[in-house]
Structures are given as structure tokens and as C-alpha cells.
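Following: one structure in C-alpha cells, then a few remarks.
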Amino acid sequence: MDNQSIAKIFEEIGNILEIQNQNPFRFKAYYRAAQTIENLSQELSEIYKADKDGLTKIPGIGRALADTIIEIITTGKSKGHEALVKTLPDGFLNMLDIRGVGPKKVKLFYTELAVKNIAELKKAAEKRLLQTLPGMGEKSESEILAAINEYLSTSHDRRLLFDAMQQADEFVAYIKDGKTGNLIEAIEPCGSLRRRAETVGDIDILCASKNPGKIMEKYVSYPEIAKILSQGSTKSSVVLKSGIQVDLRVIDKESFGAALQYFTGSKEHNVRTRDIAKRKGLKLSEYGVFDGDKMIAGKTEKEVYNAIGLPFIPPEMRENRGEIELAEKLGVKGEKNMPKLIELKDLRGDLHVHSDWSDASQDIETVAMAYKKAGFEYIAMTDHSAFIGITHGMDENRIQQQWKEIDKLNKKLAPFKILKGSEVDIHKDGTLALPDEILKKLDIVIVAVHSAFMLPEAEQTARIIKALKNPYVTIFAHPSGRLINKRPAYKVDMDAIIKTAIENDVALEINSSPSRMDLQDIYVKRAKELGAKFAINSDSHHSSHMEYLKFGVFVARRGWLEAKNVINAKSL
DNA sequence: GCCGTTTTCGGCCCGACTGTTTTCAGTCG
Ligand SMILES: Nc1nc2c(ncn2[C@H]2C[C@H](O)[C@@H](COP(=O)(O)OP(=O)(O)OP(=O)(O)O)O2)c(=O)[nH]1
Ligand SMILES: [Mg+2]
Ligand SMILES: [Mg+2]
Ligand SMILES: [Zn+2]
């Protein structure tokens, strides 16, 4: 049983305990564990196998939850979970996904109207039965019906960071435009978008202004709006025609730092920081840090962190994945010892670039000139090796022809350098699509999986490990193979692959393509801890794709990488 | 259910908006 399935079980237990109106701290413990497990970089089964007491060392997992995990690992299920699930009809918990419907309401609908799932809830709303219930009325009933219809007609996928950032930019441009522009003292997208998570659930925008009323007015007349969910004096929420929700918070300039800290999250990070403040006899909210009635910080984020005894923590690290412990250990004075996260300007080259020699549209010179002009020092030309499914894959002859072309261009473009490379397929049996005689003459040998995604975990892992052991391999590209919202990662023992890469001096790629962002942040962080090195590559099939590199840098920062961990942050 | 540089017991983040309410519960951020 993998981590995601175990996390789901804990989430369900939490939901059911909450519906049963149990102790809030008890069901929150299940939610917290689910969240932690979802973001773990090692499989629970492996952690347990390596150390029988390993599970309880995970924060938020104590004796009881560890025993449940062990039961699931060894028997494939949890009796306690199954007993709880049996108390409710199939599909019951899905009702919680309807906006405005929570644990109290599903319980009410079930006990009073025997409503068992979303379809029955819809029927009950259409028959005007909901408004007869205590605490319900016409308005809340029609809101629920509208939310159900929206739920049934739209996708529930989280958005790619790339798409969300574009929509956020468009919205910010709109709100800054015209007369309201002068009323805006600061504006910043927050939430998961500011933390640069690979997908985001909604767009959260923070705005500083002395005139929130005017801002809100302009906000709710944004032409892209499909529905206004709520509109207050400091906070409003809407759904855009594109289906994404936008939350806008308007706050006084004096509180902007505290509000940034709040609205950037993550929620788990906020709970921790607020708890720290509380232990120090202070209170932290989006309005500031307070000592009794006295506001002692709030204008900037740094001020807020320092006021509660912590160094500034970069947004990408705020996931409660160890940054709080590190920050507490270092203290305000230790700020210089926080990781100096890599930045886009640290990148000197791009080690994964395609041309019209294989499946891209531009010739080598055009691509190289574009990189040179953008200030890069080098690229590696890594067209695909010949392989089924790849258009114009390169055989040994064409590779050698390409070298002549590269030599010619290197004379012309010096000191800019084009490295000779290839993106070599890993065959199903772990052998490579090009012979060693060619590989050893290449500057950069990227290997990657482009076929047989469905192999069983052990076989897939062995296949990749065999490839990484080839002495000429330099980079393992897009290590998980997932395409966000399109194709799941193939099944592998990622820890074993990371260790093999380290032993064989192979860099792990952080592929910057917005729908890949692969290796994922959690594994980047784990691999860094184990001592891996990385390459942040665009995998560009057009020179304009060099823009993608910033998404690779986002992933790297979320994995706490510094420039020294990244091979293409070095000059040749 | 978890956890410990105030604690092994008694805490567990803090606030906005809505609808239905005559003072606030529920949901959400
Ligand atoms: N203190 C506190 N802050 C919260 C809570 N829920 C949300 N926030 C803050 C932190 C979040 O990053 C921010 C925006 O909320 P969202 O629900 O949009 O979450 P976020 O953007 O992190 O993730 P998302 O991709 O939207 O699912 O609001 C909470 O329960 N307590
Ligand atoms: Mg959000
Ligand atoms: Mg939000
Ligand atoms: Zn490629």
C-alpha cells in the first residue's frame, strides 16, 4: 500500500470522526497525519522496514497512528477504518466536496432526509426539501444547488502553476488599471502560487489599500467573473469563467507583512508560526504580531518572523517540512545560515535542449544564438536517440554529422559553447539506445524513460538503475515520468534511484517544463539530504522555452537547493 | 490522537463572511 492510499484512509477516518462530532483535536490529528504522509519523500513501508520505531519519529504520528499504518502495510487494510466506512453509504463523503457543505450539513441531510450522496442531495434541493431543515433557508438551499451544478459540470483538477500565474498576472493588471490603480499601495499573489507549488487550487491575491471598498467594487466587476461567492469589506471570493476561484484580501499597509505571511501559508506553516508566537506570550494573525493590545510587528514579513524569534523563511520553504525546526534552531541571529536558495540568475547554461535534428523546430544556430543573447554561457544539444515513437530520432551517423555542425558553430559563437549531447532512451531491459563508443565521445549523456511506463515497480527500478550504472551517463532526465494532470509517475523505488545516481555521479534532472516539474520538490529535498547533485533543464523544443527554466528553479527552491547543488549553476 | 527548554496532563491558530438567527453556527481562508 503506497503513501497516497494510506493518506486517503486517514483523511476518510478524519472526515467520519468529524461528522460523528468527535473531539476536534482527535480528527485533526488524522488530517494532519494524512497531510504529512502525502508529502513524505519515502514510502511508509520502507521507513518501517528500515526501522521498526521509524514511524513514530514522523511528526504527528504517535503510537496509535503508527499501529494503524503497520496494520495497513502488513494486511492491506485497517479494521478500524473499515468499520467506520461501513457506518456510511457509498459516495457519502463526496458530498463534503460541494462548496458550502460541511460535516454538520451532511449529517443533517442524512438524518433528516436520508440523503446519501451528491445525486440525492441535488434531488432534495430541487424538491425544496433542504430549506425546511433547521438552520437552512431558501438562500442556502439554492446556493447548495448551484454549487452542485458547478461541481458536476467542471473539472476538479488543480491548475498548473504556469496557467495560474498567467491568470493572476491578468487579474493584477486589471485591478491596477484605471482609477483604482492609484488606491493600491501594494499587490501580491499569495497562497500556493507564491510558494510556487507545482499545482494550485485557487488564486489568492493580497492588496494594501486605504480604500478597500473601492477595490472590492472594481474586483467584483472583473469581466472574467462567473460567480461572486462572497463579498465583504476586507475579503471577497469569486469564481472566474475559467473555473478557477480567486480570493482577494485587502488590508491596511501597516499590516501588509503580517497579511503576506498569513495569506502565503501554507496553512500548516501558519499553525506552527502562530503556535510559536503564542508560546512566547504573543499573538500572530494577518493583522500583525501583538503583545497584549500592542502591535509589535506587521509592516514586513521579515519583521513578523523576527518578532516571534525566527529568521525570515522564503515562501517556497513554508510547507512545514522542517523549515520551522531549522528556523527555531538558528534563531533571528542565524538568518545568514538559512539555505541561500538558488535563483534563476545563478544558471549559467541549459543541459537539455533540442533542435530540428530531432523533434524540435529550430536549427542549432538559432537556438544557441537565443541562449547566448539571453546571457547564458553554454547549452548541451541533446537531441533524441533513434527510437520508436520519436520523430527524427538520431542514429550514430547523424549524431556524428551533428558534431561537425556543432564544432563549426562553436568557432563562430565562442566563448559561448555548445556541448555535444544526446537524450538516450533507456530500453525496457535497462540497456541504452546508443553504444558506449558513441556515448564516451559525448560531453553530456542524458538518459530517460520514454516507453514501458507500466512495468512493475521492481522491474522499472532495476531497469533505471542498470542505465544509471553506465559509466558515460551524466544526467537522468525527468526522473518520475509524470505529466501533471495527464499521466501518473511510473512506479519506482525513488530512494533506490536517488542513491544509485549519487553512487554513480549522475545528476538528477529537474525538468522545468511546466507540465513536468520533475523531479518533484519532495524528492529534490530528500535527494539533496542524501548528497545528490542536480541539473535544472528546460528540455526546450523551441528557444522560447528557456522561459521555463524559472519553473525548474521554483522546484529547486522548494527542495531547498542552493546554487552549489546544481551543476549548470557553474561555468564550464 | 499527539506532544513536552513552563507540561507525561492539558493544551491543541486565528479570523472573515453568510444566512438565519434574535446572538451565532457553519464553512472557509
Ligand atoms: N492561519 C490559517 N491560515 C490559513 C488557513 N487556511 C488557509 N490559510 C491561509 C494559508 C493559505 O496558504 C492561504 C490561502 O488559502 P488556500 O486555501 O487558498 O490554500 P493554498 O493557497 O495554500 O493552497 P491551494 O493551492 O489554494 O489549495 O490562507 C487556516 O486554517 N489557518
Ligand atoms: Mg490558494
Ligand atoms: Mg484561497
Ligand atoms: Zn528532451
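The figures that follow rest on heavy atoms only: side chains count, while hydrogens, waters and symmetry mates do not. Order of the sequence lines sets the chain letters (A, B, ...), proteins ahead of strands, with each chain counted from 1.
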Within the pair Thr234(A) and dC17(B), is there a side-chain N or O less than 4.0 Å away from OP1 or OP2? yes
Would you say the side chain of Val246(A) lies within less than 4.5 Å of the side chain of Ile225(A), judging by non-hydrogen atoms? no
Nearest listed nucleotide, side chain of Lys235(A), among dC12(B), dC17(B), dC14(B): dC17(B)
Could you walk me through whether Val250(A) and Leu248(A) pass the side-chain contact (heavy atoms from CB on, under 4.5 Å) test, one step at a time? CA-CA 7 Å; Val250(A) 184; Leu248(A) 179 71; 4.1 Å; yes
Side-chain-base donor-acceptor pair under 3.5 Å for Tyr262(A) and dG29(B): yes
Any residue of residues 291-318 of chain A with a heavy atom less than 4.0 Å from an atom of DNA chain B: none
Does Lys28(A) reach a base, just sugar-phosphate, or nothing at all? Heavy atoms under 4.0 Å. nothing
Just N and O in the side chain of Gln231(A): are any of them under 4.0 Å from OP1 or OP2 of dA16(B)? no
May I ask you to evaluate whether Arg26(A) reaches the phosphate of dG1(B), defined as a side-chain N or O under 4.0 Å from OP1 or OP2? yes
Does OP1 or OP2 of dC12(B) have a side-chain N or O of Lys278(A) closer than 4.0 Å? yes
Taking C-beta and beyond as the side chain, do Met165(A) and Arg159(A) meet within less than 4.5 Å on heavy atoms? no
With a 4.0 Å cutoff (strictly under), does any side-chain N or O of Lys105(A) reach OP1 or OP2 of dA25(B)? no
